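Remember, it's 1-based here, ligands and their atoms both numbered in the order they're listed. No experiment lies behind these values; they were computed from the predicted model shown.
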Amino acid sequence: MSNHIQITPSILNADFANLQSEIARIGNSDWIHVDVMDNHFVPNLTFGPSMVEALSRATEIPLDAHLMIADADRHAPAYVEAGAKSVTFHVEASSAPIRTAREIRSKGARASMALRPATPIEPYEELIPELDMVLIMTVEPGFGGQKFLDLCLPKIRTARSYIEKHGGECWLQVDGGVSLETIERCAEAGADVFVAGSAVYSVEDPDQMVNDLRAAAAAVSHS
Ligand code: DX5
Ligand code: ZN
């Protein structure tokens, strides 16, 4: 089992007019999660590669780009070129996930594949060696501040068992409704990388929340 707990705050709920100072408030983060939305794959619109490029110049913390966009095979490489150190595409938006994962890796970033809550993990077990991370969404993607879906917990467990079967190298990320109230459930089920948006940016001291989330997950995670 993995014991490398990482916290990756999402800037989706940060103040977009002041992103430089908003990022400075989460200096304890392992990664910064950047939610890319195209108004097609999800009903919301955020950033493109030029914003990722600007953010990568504004911080030393590596960027974790979560692409909630259609035609992921075509667009994912541009986010590696923009400076993201991890690029996550949705399997539902990809017709060639193996080729896309290999392209992300060959360009020098970690390759990650995301599943919406209703997408089963079983058909993708054999893809795990091609991936550096699997993202199990725990809300329907598109917006911050939604309620955590407990129905995703069995899928996190299954994904963890597949990852262990394939050597345990791949990270397992959860995203959506992760907070001090829900992070222990995710860690217990086997997640080791935790995205948190509103939980981090709704408090006075986001950096303290990053530490509190990490401690809560570490307390229950398997070693
Ligand atoms: C949702 C995004 C998430 C979002 C999480 O579609 O992918 O990264 O920012 O926000 P919270 O933690 O508020 O659910
Ligand atoms: Zn996300």
Side-chain angles (χ1 to χ4, degrees), residues 5-16 19 22-23 25-26 29-49 51-52 55 61-70 72 75-76 79 84-94 109-119 132-153 155-156 171-187 191-203 206-207 209-210 212-214 216-217:
I5 300 296
Q6 298 184 80
I7 307 295
T8 71
S10 162
I11 55 170
L12 187 61
N13 275 51
D15 177 0
F16 284 5
L19 281 179
E22 289 286 75
I23 282 174
R25 298 170 75 203
I26 51 169
S29 311
D30 297 288
W31 296 79
I32 294 172
H33 184 86
V34 182
D35 287 304
V36 175
M37 305 186 186
D38 69 348
N39 247 347
H40 293 279
F41 184 72
V42 288
N44 197 0
L45 181 66
T46 57
F47 324 111
M51 177 63 94
V52 171
L55 289 169
I61 300 173
L63 300 183
D64 168 36
H66 176 194
L67 309 184
M68 287 161 277
I69 59 175
H75 298 295
Y79 290 87
K85 296 287 183 258
S86 176
V87 174
T88 300
F89 61 90
H90 268 266
V91 69
E92 306 87 354
S94 169
R110 297 177 61 88
S112 163
M113 191 177 81
L115 280 68
R116 298 180 73 126
T119 304
D132 298 298
M133 185 166 79
V134 171
L135 165 53
I136 307 291
M137 290 301 302
T138 43
V139 298
E140 288 289 1
F143 303 94
Q146 300 181 78
K147 194 173 179 296
F148 181 84
L149 293 170
D150 279 286
L151 62 85
C152 299
L153 289 169
K155 183 163 49 174
I156 299 170
W171 296 348
L172 183 56
Q173 187 178 53
V174 285
D175 181 9
V178 175
S179 67
L180 282 177
E181 204 186 305
T182 57
I183 195 166
E184 293 173 358
R185 274 174 257 172
C186 299
D192 55 7
V193 184
F194 304 85
V195 177
S198 49
V200 166
Y201 276 105
S202 65
V203 296
D207 232 3
M209 179 54 78
V210 170
D212 291 349
L213 288 167
R214 191 184 285 110

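- What sits closest to atom 10 (O) of ligand 1 on the protein, heavy atoms only, is Gly144 CA, 3.5 Å.
- From the protein, the heavy atom lying nearest to atom 6 (O) of ligand 1 is Gly142 N, 2.7 Å.
- Below 3.5 Å of separation, one finds an N or O of Gly197 facing an N or O of ligand 1.
- From the protein, the heavy atom lying nearest to atom 3 (C) of ligand 1 is Asp175 OD1, 2.9 Å.
- Checked against the Zn ion (ligand 2), the N, O or S atom of His66 at the shortest distance is ND1.
- For the pair Gly177 and ligand 1, the shortest N or O to N or O distance falls below 3.5 Å.
- Atom 9 (O) of ligand 1 has its closest protein heavy atom at Ser10 OG, 2.8 Å.
- Taking NE2 from His33 and CD1 from Ile26, the interatomic distance works out to 11.5 Å, rounded to the nearest 0.5 Å.
- Of the N or O atoms in Gln146, none lie within a sub-3.5 Å distance of an N or O in ligand 1.
- Heavy atoms of other residues, nucleotides or ligands lying less than 6.0 angstrom from CD of Glu140 number more than 12.
- Within the listing of ligand 1, atoms 6 (O) sit less than 4.0 angstrom from a heavy atom of Pro141.
- For ligand 1 and His66, the ligand atoms under 4.0 Å from any heavy atom of the residue are 7 (O).
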**Request:** Decide yes or no on side-chain hydrogen bond (donor to acceptor under 3.5 Å, both in side chains) for Thr46 and Asp35, but give the supporting numbers first.
**Result:** CA-CA 7 Å; Thr46 57; Asp35 287 304; over 6 Å; no
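- Residue-ligand proximity, Met68 to ligand 1, at heavy-atom distances under 4.0 Å covers atoms 6 (O), 7 (O).
- Near His33, meaning under 4.0 Å from any of its heavy atoms, are these atoms of ligand 1: 8 (O).
- Among the heteroatoms counted here (N, O or S) of Asp35, OD1 is the one nearest to the Zn ion (ligand 2).
- Counting heavy atoms closer than 4.0 Å to ligand 1, residue Ser198 contributes atoms from both its backbone and its side chain.
- The Gly145 neighbourhood of ligand 1 comprises atoms 11 (P), 13 (O), 14 (O), with distances under 4.0 Å to a heavy atom of that residue.
- Below 4.0 Å from some heavy atom of Val195 lie the following atoms of ligand 1, by number and element: 8 (O).
- Where the criterion is an N or O separation shorter than 3.5 Å, residue side chain and backbone included, Glu140 fails it with respect to ligand 1.
- In terms of protein heavy-atom proximity, atom 1 (C) of ligand 1 is nearest to Phe143 O, 3.5 Å.
- Taking every non-hydrogen atom of Gly176 and a distance limit under 4.0 Å, the qualifying atoms of ligand 1 come out as 14 (O).
- From the protein, the heavy atom lying nearest to atom 2 (C) of ligand 1 is Asp35 OD1, 3.4 Å.
- Geometrically, ligand 1 and Val139 share no nitrogen or oxygen pair separated by less than 3.5 Å.
- For Asn13, no nitrogen or oxygen atom sits less than 3.5 Å from a nitrogen or oxygen atom of ligand 1, counting backbone and side chain alike.
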